[in-house]
Amino acid sequence: MAFQTEITKWYLHNKRDLPWRKTTDPYVIWLSEIILQQTRVEQGLPYFNRFLEAYPTVSDFANATEEQVLKLWQGLGYYSRGRNMLFTARQIQEKYKGIFPVKYDELILLKGVGDYTAAAISSFAADEVKPVVDGNVFRVLSRYFGIDTPINSTEGKKKFLALANELIIGEVPSLYNQAIMEFGAMQCKPKSPLCSICPLQADCFARRNNLVNVLPVKEKKLKKRTRYFNYFVCTNSDQILVKRRTAGDIWQELYDFPLLETPDQYHNIQEEFLSQVKSSFGNDCTIAPLEQKKHLLTHQTIYVQFFALDNYIINFNQNAEIKWVTFDEFDELPQPKVITNFMSSYSVN
DNA sequence: AAACCGGGGCA
DNA sequence: TGCCCAGGTTT
C-alpha cells in the first residue's frame with residue numbers, strides 16, 4: 001500500500017479530537033496555526049480556546065488592544081506572534097473587509113504567516129494542494145524515505161519540500177496534511193517512536209536500516225561562547241610567572257599566566273577592573289596593557305588581553321598552581337597556542 | 001546562512 | 001543538559 005494511503009488510514013483510526021479540525025473557517029484555523037508554531041498541542045490548546053472565546057471573529061480580534069492580546073498570550077512565548085496577529089487582524093479588517101483569505105499566495109503575504117502556515121490554512125480551509133512541511137513532516141519523510149540531508153539546511157528544506165509536493169498529488173490535501181503531521185506527532189515521534197506497532201515499518205528506510213535514531217539529520221549550530229581573558233605577565237631578568245590550568249575548562253594541564261576572566265572586554269583600564277586586579281595582586285600593583293589577541297576555538301571566541309604587572313603580591317599558598325619558571329623552562333612546558341604566540345613576540349621586544 | 005525569539009516536556 | 005515542539009523574521 002502506498003505511503004500516503006497508509007498514513008491516511010492510520011490517521012482515521014488514531015487521530016486526536018482537536019477543536020481546530022472541526023472547522024473550515026480560515027480565521028479559526030489561522031488562530032490555531034499561529035498559536036501552535038513551535039508549540040505543543042497540549043500547551044497551545046487552552047490558549048486557542050481562550051482566544052476564540054475572546055475574539056470569535058477576525059473583526060473582534062482587530063478591535064482588541066495590543067495589551068489585551070499580549071495579556072491573553074502571556075506565558076506562551078514568542079510574543080511577536082501575538083503582535084503580528086493583531087497587525088494582521090486589523091489589516092484583514094481594513095483591506096479585506098473582514099474576510100480572511102484562503103489562497104496560499106495571499107496568505108503568505110500576511111505578517112507572521114510563512115510557508116508552513118500558508119500551506120496549512122489554504123489546505124485545511126479550502127483544500128488547496130499545498131503540502132505542510134513542519135517538524136513532524138521533516139521527521140516522517142526523512143525516516144521513511146531515508147533522506148539524510150540536514151533538515152535545517154537550505155538544500156534540505158528544498159529537497160523535503162519537493163518530495164512533499166510530489167506526495168500530495170492525488171490526495172485530499174486537508175486530510176493528508178493533517179494525517180502526516182498527526183502521524184509524526186504521535187507515532188513517528190522524535191524520541192522512542194512506536195516502530196514496533198507502526199503500519200509503515202516494513203517499508204520504512206530508517207526502520208530497515210536501523211537508522212531511526214539517526215534520522216532526521218540536523219546541522220549542529222554550535223553556539224560559540226564569547227569570553228574575555230585578561231592575562232597578567234610578571235617577569236624578572238630571566239624568570240616568568242606561570243600558572244597551570246586545572247580541570248573544568250579548556251586547556252587542562254597546559255600552562256598560561258595568572259588570569260582574570262571578565263564578562264566584558266575592558267578597552268581601557270576601568271575602575272571596577274582595577275579593583276579586582278588589586279584584590280588579587282595587592283593594592284600597590286600596577287598594570288600596563290600589552291598586546292591584544294582574538295583567539296578562535298571551535299566552540300569559543302576568546303578575546304585575550306595581556307597586561308604587564310608590577311609591584312604585585314602573590315599568595316603562593318592560595319595559588320598552588322602558580323610558580324616561577326625560567327624562560328627556558330617555560331619553553332618546555334605545554335602551552336596554549338595563544339600563549340606561545342605571545343611569548344615569541346614578547347621575547348623579540 | 002545565521003541569529004533571534006520562549007516556555008515547557010521529556011529522556 | 002540537550003533536544004524538540006503544527007516556524008517566522010531579521011540581519
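On a predicted model such as this, the values are computed, not experimentally measured, just so you know.
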Notebook entry, point to check: Testing A/Lys15, A/Lys189, A/Arg16 for salt bridge (charged side-chain N to carboxylate O under 4.0 Å, His left out) with A/Glu182, which one passes?
Noted result: A/Arg16
Check: Between A/Thr149 and A/Lys159, do the side chains contain an N or O donor and an N or O acceptor separated by less than 3.5 Å?
Finding: yes
Checklist line | Short side-chain donor-acceptor distance under 3.5 Å, A/Lys71 and A/Gln68 | finding: no
Next item on the list: Indicate whether any N or O donor in one side chain lies under 3.5 Å from an N or O acceptor in the other, for A/Thr117 and A/Glu33.
Entry: no
Next item on the list: Verify whether one side chain among A/Arg81 and A/Asn84 offers a donor that lies under 3.5 Å from an acceptor in the other.
Entry: no
Margin query: What is the separation between atom CE on A/Met85 and atom C1' on C/dA6, rounded to the nearest whole Å?
Written below: 13 Å
Check: Looking only at heavy atoms, what is the nearest atom pair of A/Arg143 and A/Pro216, with distance?
Finding: NE-CD, 4.3 Å
Next item on the list: Determine the contact category for A/Leu76: base if any of its heavy atoms lies under 4.0 Å from a base atom, sugar-phosphate if only primed atoms, P, OP1 or OP2 are that close, otherwise nothing.
Entry: base
Item checked: Euclidean distance for P, B/dG6 against C/dT11 (whole angstrom) -> 15 Å
Next item on the list: Measure from CD on A/Gln74 to P on B/dG6 and round the result to the nearest Å.
Entry: 14 Å
Notebook entry, point to check: C/dA6 P sits how many Å from A/Trp20 CH2, rounded?
Noted result: 10 Å
Margin query: Any donor-acceptor pair under 3.5 Å linking the side-chain atoms of A/Asp238 with those of A/Thr326?
Written below: no
Margin query: Would you say that A/Glu291 contacts A/Ser345 through its side chain, given a criterion of any heavy-atom pair below 4.5 Å between the two side chains?
Written below: yes
Checklist line | Whole angstrom value for the distance that separates C1' of C/dA6 from NZ of A/Lys15 | finding: 16 Å
Item checked: Interatomic distance where CG belongs to A/Asn213 and C1' belongs to C/dC4 [whole Å] -> 15 Å
Next item on the list: Tell me which residues in residues 165-189 of chain A put a heavy atom below 4.0 Å from DNA chain C, sorted by number, or none.
Entry: A/Gln178, A/Met181
Check: Toward the 5' end of DNA chain B, which comes first, A/Arg83 or A/Ser192, by nearest nucleotide?
Finding: A/Arg83
Next item on the list: Would you mind telling me which residue lines up with the more 5' stretch of DNA chain C, A/Lys191 or A/Gln43, judged by nearest nucleotide?
Entry: A/Lys191
Next item on the list: Pick the P atom in C/dA6 and in B/dC5, then give their distance to the nearest Å.
Entry: 22 Å
Check: Expressed in angstrom and rounded to an integer, what is the separation of A/Lys218 atom NZ from C/dG2 atom P?
Finding: 14 Å
Check: In whole Å, what is the span from the CG atom of A/Asn152 to the P atom of C/dG2?
Finding: 17 Å
Next item on the list: Report which part of the nucleic acid A/Leu45 touches: base, sugar-phosphate, or nothing (heavy-atom distance under 4.0 Å, all strands).
Entry: nothing
Checklist line | 5' priority, DNA chain B, between A/Gly75 and A/Glu155 [closest heavy atom] | finding: A/Glu155
Notebook entry, point to check: Which residue, A/Phe229, A/Phe307, A/Phe342, forms the side chain to side chain contact (heavy atoms under 4.5 Å, CB included) with A/Phe257?
Noted result: A/Phe342
Next item on the list: Could you tell me how the ring of A/Trp10 sits relative to the ring of A/Phe183: parallel (under 30°), tilted (30 to 60°) or perpendicular (over 60°)?
Entry: perpendicular
Check: For A/Arg16, which contact category applies under a 4.0 Å heavy-atom criterion: base, sugar-phosphate, or nothing?
Finding: nothing
N/O-N/O pairs, protein side and nucleotides 7-11 of chain C side, under 3.5 Å:
residue, atom, partner, partner atom, Å
C/dG7, OP1, A/Gly135, N, 3.2
C/dG7, OP2, A/Gln38, N, 2.9
C/dG7, OP2, A/Gln38, NE2, 3.3
C/dG7, O5', A/Gln38, N, 3.4
C/dG8, OP1, A/Gly114, N, 2.8
C/dG8, OP1, A/Gly114, O, 3.3
C/dG8, OP1, A/Thr117, N, 2.9
C/dG8, OP1, A/Thr117, OG1, 2.7
C/dG8, OP2, A/Tyr116, N, 3.3
C/dT9, OP1, A/Gly112, N, 2.8

